[in-house]
Amino acid sequence: MLSSVSYAPRTLGVKLFGAAATLGALGLMQVACAEPASYSGYNPSYQTDSSINYFTDALRASGQGDIGSLYNYEQLMSGGLFAMYPTYWRLNDRLVEQSPATISQFVRQYKGSVMAEKLVADYAEDKASAGDYGAVRQVANLITNADSSERCAVALGFNHGGDTMRALSEKSGVWLTTQKQPALCDQLAMEMNDNPLISNKDRESRLKRMLRVGKTGDIMALSARLGTPISYDMLSNIQRSPARFINEMQSQPYSQLNQYLYLYALGRITDDSYRQAGIQLASDISADNQRRQHLLSDETRRYGYRMLGVKRMNFNTDDGFDAQAVDWFRQSLDDDFNFEEAEDYAMAAIRFGRWDDVIEAISQMDSETQKENQWQYWLARAYAQSSDSKKRSTATRMYQHLAKSNDYYGLLAKDKVGQRFSASSGTALPNVSSQDTNRALQDPHFARAFALYNADASRAYANREWNWAVKTARDNHDDQLLIAAARQAHDIGWLDRAIYAIDNTERVDSYALSHPMPHQSSVVRYSESVGIDPAWAYGIMRQESRFVTSARSNVGASGLMQIMPGTAKYIARNLGESYSASRANSGDTNIRYGTWYMSDILGKLNYQPVLATAGYNAGPNKAKRWQPDYGSLAADQYVETIAYPETRNYVKHVMENATIYSHLLGRNLPISQRMGVIPAGY
């Protein structure tokens, strides 16, 4: 089994040479100083930078907690590109103990740098976790690129400062979710219950989700605010025997309390068995329909079906897919779907070609989500099946719009309207003016990234500086700077960051930069020797490692093809070779092993490249379990309903990559033809 290093397209690290030699290798004998007083802007005054010479030693001192040495490095590195680092490491050593004034001073001194952003965002998170919300508020406006946990920290700070409007800024992300989220976001959602801008309708919406997943504290707090308090003892008794509560409820009059407790009881039965819960709900509704006055409201019935639909979608790998999930979602229709539920509904409907339900499910998503290429494609697919000629015409227009893009959905849409993908205008390396090259080399963010890469100082820090430089250029809509930086990175062999930069341009297609073909003779030779498409091999390699030979995932997969040690031993044994970890991870052998394994999986999975791609990421057995039980299934429907989100996205990216590489290799194969049809798994 293999495991990939995750890379997402179009989203948003020479031993210590002397400074002159290091920067000279970049064509940058003089670089922009990180002048504290004017750090945020481009500073045209230069001096020879020597701070890179001390970076690794200062980092080592930081790891050892040697604060005295860090003070010394602050003096030695002062005024240089890396001047902020020893100060950052010193402050970060006891971050929660620092004052807001100290953090603010650092941010002002190194305004616009990635380390200033990281320090202040981490500080806000640490202070929120410690309950020091006043400190959070003092630095909140200095944070420009917070992640979800840091955003929740800021919102908590304002919530405790009486700014209820700003506290609600994260509501859409935290209020109705039942997925695992950072602890500060859980805390924020809990505190929102008391926010005066939260309505009782909001509270009921969240309460239903908490009843489904059984979050006791949230249930008690929400129900109390709704005037129908649920005690811990009530929940404990139902937890012990949900069926007994449901039986006892039959002899009680209708009450709002019992609506909530019924959903909690049904949720606990669902936790044990969605099948048993389905039988229970059907039986309860049938019995209730015989009563003059119902004990279960329409809302309770609908959300009961929603519980079943969501739970059923969690068992697609273990139990296979079932159209009953679509039926349950349809029986739950109302105006209160969260995104998780709407996505589950859409995926279930896509799997079984229930196109009216696909349309209904997408309509339950918020307007911004509906505009995403993913859901525009599936809405077009659904409209195209309609007997209404107007809807079919709408589908064609939607495909034509999507076809302007060369991402996964754009390539699929091209095939739907008879267009052909062409990379003819982007196969050569772009010409970059000397002015743009100088801009890239003199930009302080890119300059730090290049210096770290060339000094072999720290790939993690180099990547962080690079990604921040790319974000800054992207925010400024400066595609020419991104192209220049990407070309420079490509030319020194830093292919993964060149790809990252080009993938973050707005409308630039430069396939020589975004889809390079290193080791081409080996990839083609080894692929052809085992009977697989070299474009597919490149598609896997680009997704697995971004061509970083030394890439290693957090689960131990290594090399260009990200081969797990156990898999490498299996491959070596089948090739009649003794296993050697160092050899298996080396570029040429790793390619040979990876292409052999791709061929091996392909043969085990009906020679179907989509199945084999899923198998390469999640294991062949998982790919088999996701096959239809009977009949065939369109490959795009199979891919969209892969139960593991990581594998689902992985397969999309590999198919997109392979389609582009097939054109670059002169073996153009449209994505729909490449993906084919998924046979039954029986």
Side-chain angles (χ1 to χ4, degrees), residues 5-7 13-26 28 31-34 49-67 69-74 76-93 95 106 110 112-119 121-122 145 147 440-441 443-472 485-486 488-490 492-501 545-554 558-559 585:
V5 178
S6 297
Y7 296 98
V14 197
K15 295 299 175 186
L16 291 175
F17 298 153
T22 299
L23 300 174
L26 286 171
L28 187 61
V31 297
C33 282
D49 188 88
S50 62
S51 60
I52 185 62
N53 286 352
Y54 306 105
F55 182 91
T56 297
D57 289 339
L59 177 58
R60 186 179 301 114
S62 169
Q64 295 169 348
D66 187 350
I67 303 302
S69 290
L70 288 176
Y71 275 113
N72 290 334
Y73 285 118
E74 287 182 57
L76 289 168
M77 298 168 74
S78 176
L81 277 171
F82 298 92
M84 74 286 293
Y85 274 95
T87 309
Y88 167 82
W89 289 321
R90 176 173 58 79
L91 296 177
N92 194 58
D93 184 64
L95 185 58
F106 182 89
Y110 300 111
S113 74
V114 66
M115 302 316 295
E117 171 66 23
K118 180 166 174 53
L119 187 75
D122 288 348
N145 191 48
D147 63 21
L441 294 174
D443 176 274
H445 313 301
F446 280 122
R448 274 191 292 274
F450 281 126
L452 286 166
Y453 177 82
N454 279 273
D456 195 23
S458 167
R459 181 60 64 89
Y461 280 98
N463 285 354
R464 179 183 288 128
E465 288 284 0
W466 181 271
N467 295 352
W468 184 257
V470 168
K471 176 193 178 298
T472 302
Q488 185 72 13
H490 175 276
I492 64 173
W494 202 8
L495 300 183
D496 61 313
R497 293 305 93 187
I499 292 170
Y500 185 85
S545 68
R546 285 292 196 269
F547 309 109
V548 177
T549 306
S550 60
R552 187 175 183 85
S553 77
N554 58 3
S558 301
N585 293 336

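Positions are given from 1, in the same order as the sequence printed here. Only heavy atoms go into these numbers, but all of them, side chains included; no hydrogens, no water, no symmetry mates.
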- request: Give, for atom CG of L81 and atom NE2 of H445, the distance between the pair rounded to the nearest 0.5 Å.
  value: 10.5 Å

- prompt: Got a salt bridge between R90 and D93, using NZ or NE/NH1/NH2 to carboxylate O under 4.0 Å?
  reply: no

message: I'd like to know whether N467 forms a side-chain contact (heavy atoms from CB on, under 4.5 Å) with K471, so could you lay out the CA-CA distance, the side-chain angles of the two residues, the decisive distance to 0.1 Å, and finally the verdict.
response: CA-CA 6 Å; N467 295 352; K471 176 193 178 298; over 6 Å; no

- prompt: When rounded to the nearest 0.5 angstrom, what distance separates CG in D147 from NZ in K118?
  reply: 9.0 Å

- request: Using a 4.5 Å cut-off on heavy atoms from C-beta on, say whether the side chain of M84 contacts that of R448.
  value: yes

message: Would you call the rings of F106 and Y88 parallel, tilted or perpendicular, taking 30° and 60° as the class edges?
response: tilted

message: Rounded at 0.5 Å granularity, tell me how far CE in M77 sits from OG1 in T87.
response: 9.0 Å

- request: May I ask you to test the Y500-N463 pair for a side-chain heavy-atom distance under 4.5 Å?
  value: no

task: Would you give the length of the straight line joining atom CG of D496 to atom CZ of R459, rounded to the nearest 0.5 angstrom?
output: 6.0 Å

- prompt: Do W494 and F450 touch side chain to side chain, with heavy atoms closer than 4.5 Å?
  reply: yes

- prompt: Do you know the tightest heavy-atom contact between A58 and L70?
  reply: O-CD2, 3.5 Å

message: Applying side-chain contact (heavy atoms from CB on, under 4.5 Å) to Y85 and L59, what does each step give before you reach the verdict?
response: CA-CA 8 Å; Y85 274 95; L59 177 58; over 6 Å; no

query: So, do L95 and L119 sit near enough that their side-chain heavy atoms are less than 4.5 Å apart?
result: yes

message: Between E117 (side chain only) and N145 (backbone N and O only), is there a donor and an acceptor less than 3.5 Å apart?
response: yes

- request: Please examine the side chains of M115 and Y110, heavy atoms only from C-beta on, and report whether any two atoms are closer than 4.5 Å.
  value: no

task: Grab the two heavy atoms, one from S545 and one from G559, that are nearest each other, plus how far apart they are.
output: CB-O, 3.7 Å

query: Is there side-chain contact between Y453 and W466, with heavy atoms separated by less than 4.5 Å?
result: no

- prompt: Which heavy atom of L441 sits nearest a heavy atom of A447, and at what distance?
  reply: O-CB, 3.4 Å

query: Hey, what do you get for CZ (F547) to CD1 (I499), rounding to the nearest 0.5 Å?
result: 5.5 Å

- request: Locate the shortest heavy-atom distance separating A83 from G79; write the atom from each residue and the value.
  value: CB-N, 3.8 Å

task: Hey, could you give me the CG/CZ distance between L76 and F82, rounded to the nearest 0.5 Å?
output: 15.0 Å

message: With a 4.5 Å cut-off on side-chain heavy atoms, are Y73 and W89 touching?
response: no

query: Which heavy atom in W468 sits nearest to a heavy atom in G112, and how many Å separate them?
result: NE1-O, 2.8 Å

message: Using every non-hydrogen atom in the two residues, find where A462 and A449 come nearest and quote the distance to one decimal.
response: O-CB, 3.8 Å

